[in-house]
Amino acid sequence: MALTCLSLCSGYGGLELAVDAVLGCRVVGYVERDAYAASVLLARMEDASLAPAPVWCGDLKELDTAPFRGVDLVTAGFPCQPWSAAGKRKGTDDERWIWPAIASLLRRVQPRYVFLENVRAFISGGGLGLV
């Protein structure tokens, strides 16, 4: 029986493809705040490069987590700009620092496992200690 996965900050679904290849996970929902990225997820489902699952486009804080309580795994490739050279390295002062919303969601969903992805500067810049 496949593990179930809720994908946060899904982007194009690459992280979930990797986790599925290694662990055999079935994504039960994608959460992506960017409308274009959400449309890419839908297009990838249509061309069968991603397995079908609901896509929720909006703010993590507004997601109804009830349908996802008890999933086996939550993945999140959350925004790196607060820590990386691609941004201004404002850390927690950057509006894209959404870890508090992710942590709140994890408390409500209570997955068995969490897989987070971010840039190397997340560690050297002090972000990992906040997580």
Side-chain angles (χ1 to χ4, degrees):
M1 189 158 108
L3 296 172
T4 56
C5 174
L6 173 61
S7 168
L8 308 179
C9 310
S10 303
Y12 67 93
L15 178 59
E16 293 67 37
L17 286 173
V19 169
D20 180 39
V22 174
L23 300 175
C25 289
R26 179 177 58 87
V27 176
V28 295
Y30 292 95
V31 180
E32 175 55 58
R33 70 178 178 181
D34 180 78
Y36 177 74
S39 74
V40 170
L41 289 168
L42 293 171
R44 295 192 77 212
M45 287 177 213
E46 190 172 305
D47 73 14
S49 56
L50 270 183
V55 176
W56 190 83
C57 188
D59 190 323
L60 285 171
K61 296 177 213 167
E62 298 172 10
L63 176 69
D64 176 10
T65 57
F68 305 111
R69 285 194 187 116
V71 295
D72 296 303
L73 172 69
V74 170
T75 59
F78 58 104
C80 66
Q81 295 91 337
W83 307 99
S84 81
K88 296 182 181 177
R89 296 186 178 174
K90 291 179 167 182
T92 59
D93 292 331
D94 190 304
E95 65 189 23
R96 294 164 290 196
W97 173 243
I98 62 168
W99 172 252
I102 292 172
S104 174
L105 185 143
L106 291 172
R107 282 190 291 276
R108 293 190 314 275
V109 171
Q110 298 184 351
R112 290 179 22 195
Y113 306 102
V114 176
F115 188 94
L116 304 173
E117 181 273 331
N118 214 291
V119 295
R120 180 182 300 268
F122 181 69
I123 297 168
S124 61
L128 185 60
L130 301 169
V131 171

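As the structure is a computational prediction, the values presented were derived from the model and not from experiment.
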Point to revise | Closest heavy-atom pair and its distance - Ser10, Leu41 | key: CB-CD1, 3.8 Å

Exercise for review: Test side-chain contact (heavy atoms from CB on, under 4.5 Å) on Leu105 and Leu60 and set out the steps.
Suggested key: CA-CA 8 Å; Leu105 185 143; Leu60 285 171; 4.2 Å; yes

Exercise for review: Using the rule that two of Ile, Leu, Val, Met, Phe, Trp, Tyr join whenever any of their side-chain heavy atoms come within less than 4.5 Å, decide whether Leu17 and Leu73 are in one cluster.
Suggested key: no

Point to revise | Close side-chain approach of Leu50 to Val27, heavy-atom, < 4.5 Å | key: no

Check your understanding: Can Leu8 be reached from Trp56 by stepping across I, L, V, M, F, W or Y side chains whose heavy atoms are under 4.5 Å apart?
Key -> yes

Practice item. Spell out, yes or no, whether Leu6 and Phe78 are grouped together once hydrophobic residues are joined by side-chain heavy atoms under 4.5 Å, including indirect joins. Key: yes

Point to revise | For the student: nearest non-hydrogen atoms of Ile102 and Cys9, plus distance | key: CD1-SG, 4.4 Å

Point to revise | Non-hydrogen atoms of Ser7 and Glu16 that approach each other most closely | key: OG-OE2, 2.9 Å

Check your understanding: Checking Ser104 side chain against Ala101 main chain: does a donor-acceptor pair fall under 3.5 Å?
Key -> no

Exercise for review: Please examine the side chains of Glu32 and Val40, heavy atoms only from C-beta on, and report whether any two atoms are closer than 4.5 Å.
Suggested key: no

Study note, to complete from the structure: In short, Phe68 meets Gly29 closest at the heavy-atom pair CE2-CA, 4.1 Å

Revision key, fill the gap. Here the pair of heavy atoms bringing Gly14 nearest to Arg44 is N-NH1, 4.4 Å

Review point. According to a 4.5 Å side-chain heavy-atom criterion applied to Ile, Leu, Val, Met, Phe, Trp and Tyr, with indirect links allowed, do Val55 and Tyr12 form part of one hydrophobic cluster?
Key: no

Point to revise | For the student: nearest non-hydrogen atoms of Thr4 and Val71, plus distance | key: OG1-CA, 3.4 Å

Review point. Got more than 12 heavy atoms from elsewhere within 6.0 Å of CZ, Phe115?
Key: no

